[in-house]
Structures are given as structure tokens and as C-alpha cells.
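Naming convention: chains lettered A, B, ... in sequence-line order (proteins, then strands); numbering from 1 in each chain.
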Amino acid sequence: MPELPEVEAVARTLRPLVEGRRIRSVHVLHTIATRPQNPSQIARLVQGQQIKSVERKGKYLWLQLTQGIVTLHFKLDGQLLWFPSAKKMFEVANRKDAGVHVDVAFELENGILGFADGRHFGRVYVYKSGDACPALAGLGVAALSPDFTASRLSGLLVASRRPLKEFLLDQSRVAGIGNIYSSESLWHARLNPFRRANSLSSAEARRLHKAIVSVLARALECCLHPPPDFRDASWWFQGLEKILRVYDRRGKPCRRCGNEIERIAQGGRSTYFCAHCQK
DNA sequence: CCTGCTACCTGATGGC
DNA sequence: TGCCATCAGGTAGCAG
């Protein structure tokens with residue numbers, strides 16, 4: 001559930017399911033998801049603890065325990081699954097025919113929370129506190145948080161000479177924007193992805209801020225209707241293509257000016273944009 | 001410090 | 001149909 005809106009929708013769906021529950025045990029089924037932390041280390045820190053809350057910053061999700069945290073990062077394809085019992089989970093998980101790859105399972109009083117990722121990119125780590133997690137500590141201002149203001153964005157832009165597209169993907173500056181919503185935000189702001197961050201006028205910076213906020217908010221609404229269904233391993237976010245204006249539209253007409261949408265590579269990732277109306 | 005490149009995995013898709 | 005190349009919503013780590 002890659003970018004901020006998807007992870008936020010997951011967080012909201014997860015809260016009523018796990019908040020206040022106790023973690024009876026942890027099963028690490030694929031150690032690649034937790035390496036270099038080992039299963040016994042994880043079990044020792046987590047088992048028996050209560051989940052006080054579910055938190056999110058950028059694309060990171062974490063379970064706040066009585067003491068310590070469990071961070072979850074879904075990378076490209078990771079997802080959460082919910083099973084009524086360990087028995088039910090092992091009936092479908094990690095069998096050749098089923099296509100359900102649970103890497104880590106948390107056994108709670110009311111069911112099993114599985115972290116699943118067939119590609120094994122996603123990661124689950126345990127820390128004694130939020131401050132002890134370097135990845136969380138390195139995140140910049142959270143997009144959609146009250147701190148993410150136009151002037152805050154403007155200050156960050158001025159300090160960077162990177163192309164706008166790469167600037168937006170840098171989680172240490174603004175946390176939560178990924179490859180889809182960076183292209184979308186630049187299209188809405190009518191800004192060319194090659195423009196240097198520090199070349200923007202203050203009016204352009206405000207335009208970009210407004211575009212980011214509206215793109216993420218709209219995507220979140222979409223991600224909540226319908227909300228994630230952890231009981232269905234084949235479930236995925238629906239209908240996002242309806243709200244996307246440029247992403248994955250190479251060769252199609254720009255919805256603003258009719259010019260052909262281009263796809264180019266920046267920093268090894270695809271950028272979609274309209275060369276005619278994004279200046 | 002900053003930037004650019006590679007690696008990490010697996011599965012789906014498209015061109016020939 | 002088969003095969004190979006390319007692509008995928010992300011980030012850590014490393015070299016320069």
C-alpha cells in the first residue's frame with residue numbers, strides 16, 4: 001500500500017482491530033522481512049505487550065506498544081491480512097498453491113494480524129522506542145500534517161537544486177509522496193518535473209503545496225471507499241485510476257490541453273507529464 | 001553534506 | 001506459443 005493515502009487508509013482500518021489488544025506471540029515465517037533482527041529478539045521485545053495505538057508517518061506504519069514499537073513498511077506490494085485463528089492462517093498461508101505469503105504474523109487475543117508480501121520487499125522491525133528507529137527519525141515533514149504548510153514547503157524547495165520530481169520523492173524532506181502522487185501533484189501544479197526545486201517562485205511553491213494536499217486528500221478519500229479488506233488476500237485499492245490525471249497515461253491526451261502525455265525516466269523511475277502545459 | 005547508482009525480490013506484461 | 005526484456009505504487013547502502 002505504497003504511498004501516504006494508502007497507508008493512512010490501512011492505519012484507520014487497523015485501529016479498531018488491534019488497539020488495546022495484547023500480542024500473545026509473534027511468528028516470523030520469512031526472516032528476510034525482519035533481518036538483521038532475529039525472531040527471538042523480536043519475540044522477546046514484543047510478546048505479551050499491549051498495542052496502545054497505531055501510528056503513521058509518511059509511508060511508515062507502526063504499532064505503539066506499552067514499551068517499544070513495531071514498524072511496518074509495505075514497500076511496493078506488502079499488505080496486511082487478518083485471520084480468525086492461527087489454524088485458518090496456516091490453511092492458506094505459505095502454501096505453493098495459495099499465493100498468500102505471510103512473512104510475519106502477530107497472534108492477538110481476537111485473531112491473527114499477518115504482514116504479507118509475496119515479493120519480500122516489505123519490512124517489519126522492532127525498537128525500544130520511536131527515537132531508536134533511524135528510518136522514522138530521518139523522515140521529513142509529514143505531508144497532510146498541520147506542519148506541512150506552503151511556507152514550510154517553500155523553505156525546503158529553496159534549499160534544494162534537485163529536479164522537482166526527485167525532490168518530491170525524497171522522504172527526508174517531505175514524507176509520504178511516492179511515484180504516482182509526485183507526477184500527479186506536478187501535473188496539477190502545472191510544473192515541469194525537470195525544474196530545479198530552488199527555481200520556483202513563491203506563487204509556484206504555493207501552487208505545488210496546494211496540489212500536493214489536494215491530490216493526497218482526494219486519493220485518501222478514494223482509498224477509504226471502499227476501505228481495505230484485510231480478510232481478502234486478493235483485495236487491493238480500487239478506482240484510483242479514476243482520479244489519476246497523468247500517471248500511466250503515456251501517449252494519451254493531456255486532460256487539460258490535449259497534448260500527448262510523455263513518460264520519461266528520472267532517478268531510475270517513471271515520470272509522466274505534459275510538456276505543453278507543465279512549465 | 002549532496003547526488004546518482006545498484007541491489008533487493010517476484011510476477012505480470014509486451015514485443016518479437 | 002515461447003522466450004526474453006522490461007516494468008512495478010520503495011528505500012538502504014555505497015561511491016564519488
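The aromatic ring centroids of A:Phe115 and A:Phe74 lie less than 6.0 Å from each other. The aromatic ring centres of A:His73 and A:Tyr125 sit 6.0 Å or more apart.
Ring geometry, A:His120 versus A:His101: the interplanar angle exceeds 60°, so the pair is classed perpendicular (tilted spans 30 to 60°).
At most 12 heavy atoms of other shown residues, nucleotides or ligands fall within 6.0 angstrom of atom CZ in A:Arg161.
We find that CG of A:Asp103 is positioned 12 Å from C1' of B:dT10, with the value rounded to whole Å. Atom pair A:Leu61:CG and C:dT11:C1' shows a separation of 17 Å (rounding to whole Å applied). Straight-line distance from the CD atom of A:Gln171 to the P atom of C:dT11: 4 Å, rounded to whole Å. Rounded to whole Å, atom C1' of B:dG4 lies 15 Å from atom CZ of A:Phe194. Atom CG in A:Asp248 sits roughly 13 Å away from atom P in C:dC7 (whole-Å rounding). Summarising the geometry, the separation between CG on A:Asp117 and P on B:dT10 is reported as 10 Å, rounded to the nearest angstrom. Rounded to an integer number of Å, the gap from A:Ile32 CD1 to C:dA12 C1' is 13 Å. We find that CD of A:Glu166 is positioned 9 Å from C1' of B:dT3, with the value rounded to whole Å.
Contact annotation: A:Ser270 side-chain N/O to C:dC7 OP1/OP2 distance is not under 4.0 Å. Residue A:Arg263 has a polar side-chain atom (N or O) positioned under 4.0 Å from OP1 or OP2 of C:dA8. Between A:Lys75 and B:dC9 there is no side-chain polar atom (N or O) within less than 4.0 angstrom of OP1 or OP2. Look at A:Arg269 and you'll find a side-chain N or O under 4.0 angstrom from OP1 or OP2 of C:dG10. Between A:His73 and C:dG10, a side-chain N or O to OP1/OP2 separation shorter than 4.0 Å is absent.
Of all nucleotides listed (C:dT11, C:dG10, B:dT3), C:dT11 comes nearest to the side chain of A:Tyr60. Side chain of A:His120, nearest nucleotide from B:dT3, B:dT10, C:dA8: B:dT10. Side-chain proximity of A:Ala135 to the nucleotides C:dG10, B:dT3, C:dA12 is greatest for C:dA12. Of the candidate nucleotides B:dT3, C:dG10, C:dA8, C:dG10 has the atom nearest to the side chain of A:Phe121. Nearest nucleotide to the side chain of A:Arg162, out of B:dG4, C:dA8, C:dG10: B:dG4. Here B:dT3 is the nucleotide among B:dT3, C:dA8, C:dG10 with the atom lying nearest to any side-chain atom of A:Arg173.
Within the 4.0 angstrom heavy-atom criterion, no nucleotide atom of any strand lies near A:Phe167. Within 4.0 Å of A:Arg123, counting heavy atoms only, lies no atom of the nucleic acid at all. Within 4.0 Å of A:Arg35, counting heavy atoms only, lies no atom of the nucleic acid at all.
Judged by Watson-Crick or G-U wobble contacts below 3.5 Å, the nucleotide C:dC7 has B:dG11 as its partner. With a cut-off of 3.5 Å on both Watson-Crick or G-U wobble distances, the partner of B:dC1 is given as none.
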- request: Report the C-alpha separation of A:Ser40 and A:Asn38 in whole Å, then their side-chain angles, then the decisive distance to 0.1 Å, and conclude whether the side chain to side chain donor-acceptor pair (under 3.5 Å) test is met.
  value: CA-CA 6 Å; A:Ser40 56; A:Asn38 63 55; 2.9 Å; yes
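Annotation: B:dC9 and C:dC4 have their P atoms spaced 23 Å apart (nearest Å).
Salt-bridge formation is not detected for the pair A:Arg24/A:Glu107: no Lys NZ or Arg NE/NH1/NH2 atom is positioned less than 4.0 Å from an Asp or Glu carboxylate oxygen.
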